[in-house]
Amino acid sequence: MVPIVPVAAATHFNNQWGLKNTGQLSSQYAGIDINAERAWRMTKGASTIRVAVFDQGFEMNHPDLKNNVYGNGYNAVNGRSGAQVLGSHGTACAGIIAAVQNNSLGISGVAPGCKIMSISINMVSSDPPQSYANGINWAWNNGAHVINNSWGGLNPSSIIDNAINNALTRGRSGKGTVVVFATGNTDGAIYYPANSNPMIISVGAISYCGERKSSTSCDGKSWGSNYGPELDIVAPGINIATTDRVGKAGLSPDDYYSSFNGTSAACPFVAGVAALVLSANPALTAQQVNDIIERS
């Protein structure tokens with residue numbers, strides 16, 4: 001086995017309870033995390049595995065991301081090559097997936113050896129369904145092994161459904177691209193598109209106490225992770241330390257943010273795990289990756 005290389009030199013790694021919970025937020029619940037260090041004994045991610053971050057676009061020149069960026073990305077708003085940064089949300093998601101490890105900066109991603117692709121959209125109700133479909137289709141057509149979607153709440157659309165089905169069945173030369181969606185944060189039923197296809201991995205959020213994030217969970221925050229029969233798995237989703245847009249444009253004046261919340265934060269944890277699974281065995285189908293994640 002590959003020995004674990006310490007990552008404590010990263011300035012915010014000790015705050016990443018989702019990767020290694022030492023009781024940072026509550027000593028009573030130390031150990032509730034995704035067991036990242038155990039996974040890293042096998043692989044920290046292969047550079048041949050690519051995760052598309054379909055979001056507001058992420059800062060591809062961020063010092064903790066730039067060495068893991070693949071290509072120039074895609075702008076789903078205007079249908080052109082080259083992603084744009086349309087908000088801070090995407091940079092936060094990208095860091096959880098694949099921030100560079102052991103560079104004495106910031107944080108570590110779940111899959112710090114994998115590559116990330118930026119696909120940008122406004123993530124507002126006025127974005128037409130075709131734009132979302134174009135982003136998903138661009139991802140699998142351009143070699144994404146996993147697509148992270150920390151968005152939802154749209155009206156159901158056959159255009160989006162068809163694009164998701166294309167990714168799941170035609171991506172990766174027919175083995176299927178793994179498609180991961182956030183379930184939503186209204187403490188109610190799972191949002192579309194997370195509820196639309198049984199092959200989607202639908203991700204809810206847990207608190208650092210190991211319970212579904214709800215309005216009454218231990219963290220004291222009022223929102224709740226959506227749940228229901230379509231829910232596949234939960235992941236850390238409260239007070240997540242991650243990358244932020246450089247300077248004052250982001251969620252904090254620092255280049256990092258310590259309180260990223262929601263199923264939007266939980267979703268990229270699972271996308272990162274899927275990337276690690278495919279790094280260990282790239283021959284797996286999307287359904288096999290889903291099964292491995294859900295059963296373990």
Side-chain angles (χ1 to χ4, degrees), residues 7-8 10-26 29-37 39-40 51 53 55-56 58-59 62 64-65 68 87-101 105-112 114 116 123 148-152 180-185 201 203-214 217-226 233-245 250-276:
V7 294
T11 52
H12 296 283
F13 181 75
N14 288 335
N15 295 328
Q16 291 188 269
W17 71 267
L19 300 181
K20 185 176 183 179
N21 188 343
T22 60
Q24 299 98 315
L25 300 179
S26 175
Y29 300 107
I32 294 174
D33 53 44
I34 71 166
N35 290 319
E37 288 188 326
W40 292 337
V51 181
V53 184
D55 210 281
Q56 291 180 321
F58 64 82
E59 283 199 340
H62 191 288
D64 224 359
L65 300 176
N68 278 344
S88 300
H89 198 262
T91 301
C93 292
I96 294 170
I97 297 167
V100 177
Q101 193 177 99
L105 293 174
I107 64 162
S108 171
V110 174
C114 293
I116 42 178
M123 290 176 61
N148 184 83
N149 302 277
S150 289
W151 50 269
V180 189
F181 267 95
T183 60
N185 306 318
I201 302 181
V203 184
I206 59 168
S207 70
Y208 49 83
C209 308
E211 58 187 342
R212 180 181 69 84
K213 177 66 194 81
S214 72
S217 55
C218 70
D219 52 89
K221 297 184 184 294
S222 60
W223 65 274
S225 171
N226 290 6
I233 198 163
V234 291
I238 191 78
N239 291 346
I240 303 302
T242 187
T243 46
D244 190 24
R245 293 170 71 183
L251 299 168
S252 77
D254 193 3
D255 298 347
Y256 298 89
Y257 185 57
S258 61
S259 300
F260 190 45
N261 296 317
T263 57
S264 286
C267 188
F269 275 94
V270 178
V273 170
L276 292 181

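Heavy-atom basis, side chains included; hydrogens, waters and symmetry copies ignored.
In this structure, S217 and R212 approach most closely via the heavy-atom pair CB-O, 3.9 Å. The nearest pair of heavy atoms linking G18 to D33 is O-CB, 3.3 Å. What you find for A30 and G23 is that their closest heavy atoms are CB-N, 3.7 Å. When all heavy atoms of W17 and G237 are compared, the closest pair comes out as CZ2-N, 4.4 Å. Taking each heavy atom of A98 and I116 in turn, the nearest pair found is CB-CG2, 3.7 Å. When all heavy atoms of C114 and A275 are compared, the pair lying nearest together is SG-CB, 3.8 Å.
The CG atom of L25 sits 5.5 Å away from atom CG of N239, with the distance rounded to the nearest 0.5 Å. To the nearest 0.5 angstrom, N148 atom CG is 9.5 Å from F181 atom CZ. Put simply, OG1 on T242 and CD1 on I96 are 4.5 Å apart, with the number rounded to the nearest 0.5 Å. The distance from atom CD of Q56 to atom OG of S88, rounded to the nearest 0.5 Å, is 7.0 Å. Taken from CD1 in I97 to OG1 in T243, the straight-line distance is 9.5 Å, to the nearest 0.5 Å. From I206, atom CD1 reaches atom CD of E211 across 9.5 Å, with rounding to the nearest 0.5 Å.
Side-chain contact between M123 and D55 is present, with at least one heavy-atom pair separated by less than 4.5 Å. Looking at heavy atoms from C-beta onward, S150 lies in side-chain contact with P268 at the 4.5 angstrom threshold. Residues W223 and I238 are in side-chain contact: their nearest non-hydrogen atoms beyond the backbone lie under 4.5 Å apart. Counting heavy atoms from C-beta on, the side chains of W40 and L19 come closer than 4.5 Å. Using a 4.5 Å heavy-atom threshold, the side chains of P236 and I34 count as touching. Between T91 and L251, the closest side-chain pair of non-hydrogen atoms is not below 4.5 Å. The shortest distance between side-chain heavy atoms of D219 and C209 does not fall below 4.5 Å. With contacts defined as side-chain heavy-atom distances shorter than 4.5 Å, the pair C267/W151 does not qualify.
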In sequence, state the C-alpha distance, the side-chain angles, and the governing distance for T263 and N226, and then conclude on side-chain contact (heavy atoms from CB on, under 4.5 Å). CA-CA 8 Å; T263 57; N226 290 6; 6.0 Å; no
After noting the C-alpha distance and the side-chain angles of L105 and V100, does the key distance pass the side-chain contact (heavy atoms from CB on, under 4.5 Å) rule? CA-CA 8 Å; L105 293 174; V100 177; over 6 Å; no
Check against side-chain contact (heavy atoms from CB on, under 4.5 Å), F58 and C93: CA-CA 8 Å; F58 64 82; C93 292; over 6 Å; no
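For D64 (side chain) and I107 (main-chain N/O), a donor-acceptor pair under 3.5 Å exists by modelled atom type. Here the side chain of D244 pairs no donor or acceptor atom with the backbone of D255 at under 3.5 angstrom. K20 places no side-chain N or O within donor-acceptor distance of the main-chain N or O of F13, the cut-off being under 3.5 Å.
Under 3.5 Å, the side chains of S264 and H89 contain a donor-acceptor pair of N or O atoms. A donor atom on one side chain and an acceptor atom on the other are not found under 3.5 Å apart for D254 and S252.
The aromatic ring centres of H62 and Y256 sit less than 6.0 Å apart.
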